[in-house]
Amino acid sequence: MEIMNLNLPQSAIDAAEEQDFDLKGYVFEASPEQLRPPRTVRVGLIQNKIVLPTDAPVLEQITALHKRVGEMVEVAAMCGVNIVCFQEAWTMPFAFCTREREPWTEFAESAEDGLTTRFCIQLAKKYNMVVVSPILERDEIHGGTLWNTAVVVSNNGNVLGKSRKNHIPRVGDFNESTYYMEGNTGHPVFQTQFGKIAVNICYGRHHPLNWLMYSIHGAELIFNPSATVGLLSEPMWPIEARNAAIANHCFTCAINRVGTEYFENEFTSGDGKKAHHDFGHFYGSSYVAAPDGSRSPGLSRTRDGLLVTEMDLNLNRQVADKWNFKMTGRYEMYAEELKKAIQHDFKPNIKE
Ligand SMILES: NC(=O)NCCC(=O)O
């Protein structure tokens, strides 16, 4: 399907220009149906740089990010956005490269009633918008454990729940296993007024079965809030979320932060190269992909941005009825074989 430009209000265009961020809007259409009215939803993806240097006081860094992203959400509201999603660990620098605990663990907050969740509740109520807020979570009930978590706040301001990152990277400077464990929330799908949504956090996008499981649980729109750098993943970026949209008959939304973050203490990457102070360039390029294989253009590689897309969720079933990937999936066979493959005495089915 050809993707069209979305007409955005002049007030939003002016505000984005004044606040120095990229604003783009696109529409994914579906065919009219006889029995179902269109299920139109507007989704906003926000990508941004950190605001203050990484050695500024923790609370000042968080507050500055709240202010910046809050202003961008206001513009999203002018554009009629129903669901907004922020980038991975949006309230902090992506400091996991350093392997230092302090002060980075101080950015962790309660998913249920931390400072950031309370901020998102205000946004949700003010703009009647579902807010997907990926944070570093501190779970006080379980010994102060840290998790990489997306909090989903409904448009009436209730915390609908949370989804923890299932797959932890062990690649390049992504030393995230130093900070938190693989998530234990499975593949939750959140029923919102605007559709069923799920959150597959960053490195989970390399795992087709992770996308599949959100889809099996009924997700119509899967967000992929990320933090990833150019030298590592840029060739994969345009393909993975797009392929997941095709394979799972759903919309996917890939979001990446922008900028280069500088850390006072240098760190090494375990590759024999010199110690350094930065992670590399987070290349933004956030985009939305549709089940028919079409996708929006990406946001900037270097600038903060808001991508607004309007989609008719009826497209999911229309594409499913054409291609039948769900119907032809041999899940029972895979489940049976996978069950055997995870046993320690597994013998691969190789005929000699
Ligand atoms: N944040 C994160 O999981 N990054 C891993 C690198 C990648 O998946 O591109």
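Read the numbers this way: they start at 1 and go in the same order the structure lists the ligands and their atoms.
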Ring centers of [X], [Y] separated by less than 6.0 Å:
X: Phe28; Y: Tyr26; answer: no
X: His277; Y: Tyr262; answer: yes
X: Phe279; Y: Phe263; answer: no
X: Trp90; Y: His66; answer: yes

So, [X] versus [Y]: side-chain donor-acceptor pair below 3.5 Å or not?
X: Trp104; Y: Thr98; answer: yes
X: Asp271; Y: Ser269; answer: no
X: Asn324; Y: Lys322; answer: no
X: Tyr203; Y: Thr228; answer: no

[atom]: the protein heavy-atom neighbour that sits closest, reported with distance to 0.1 Å:
atom: atom 1 (N) of ligand 1; result: Glu88 OE1, 2.8 Å
atom: atom 3 (O) of ligand 1; result: Lys165 NZ, 2.7 Å
atom: atom 8 (O) of ligand 1; result: His206 NE2, 2.6 Å
atom: atom 2 (C) of ligand 1; result: Cys202 SG, 2.9 Å
atom: atom 9 (O) of ligand 1; result: Thr228 OG1, 2.5 Å

List every atom of ligand 1 that sits less than 4.0 Å from any heavy atom of [X], numbering the atoms from 1 in the order shown and giving each element.
X: Leu232; value: 6 (C)
X: Pro169; value: 2 (C), 3 (O), 5 (C)
X: Ser233; value: 9 (O)
X: Phe94; value: 1 (N)

What do we get for [X] next to ligand 1 when only non-hydrogen atoms under 4.0 Å count, side chain, backbone, both or neither?
X: Ile168; answer: neither
X: Phe174; answer: side chain
X: Met236; answer: neither

Requested in this report: With sequence neighbours excluded, give me every salt bridge (Lys or Arg N to Asp or Glu O under 4.0 Å) pair touching residues 212-231.
Outcome: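 Of all non-adjacent pairs touching residues 212-231, those that pass salt bridge (Lys or Arg N to Asp or Glu O under 4.0 Å) are Arg39-Glu220.
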If you measure from each heavy atom of [X] to ligand 1, is any distance below 4.0 Å?
X: Ala227; value: yes
X: Arg205; value: yes
X: Trp237; value: no

Report task. Using a cut-off of 6.0 Å, state whether more than 12 heavy atoms not belonging to Lys326 lie near its atom NZ. Result ->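 Atom NZ in Lys326 is crowded, with more than 12 foreign heavy atoms closer than 6.0 Å.
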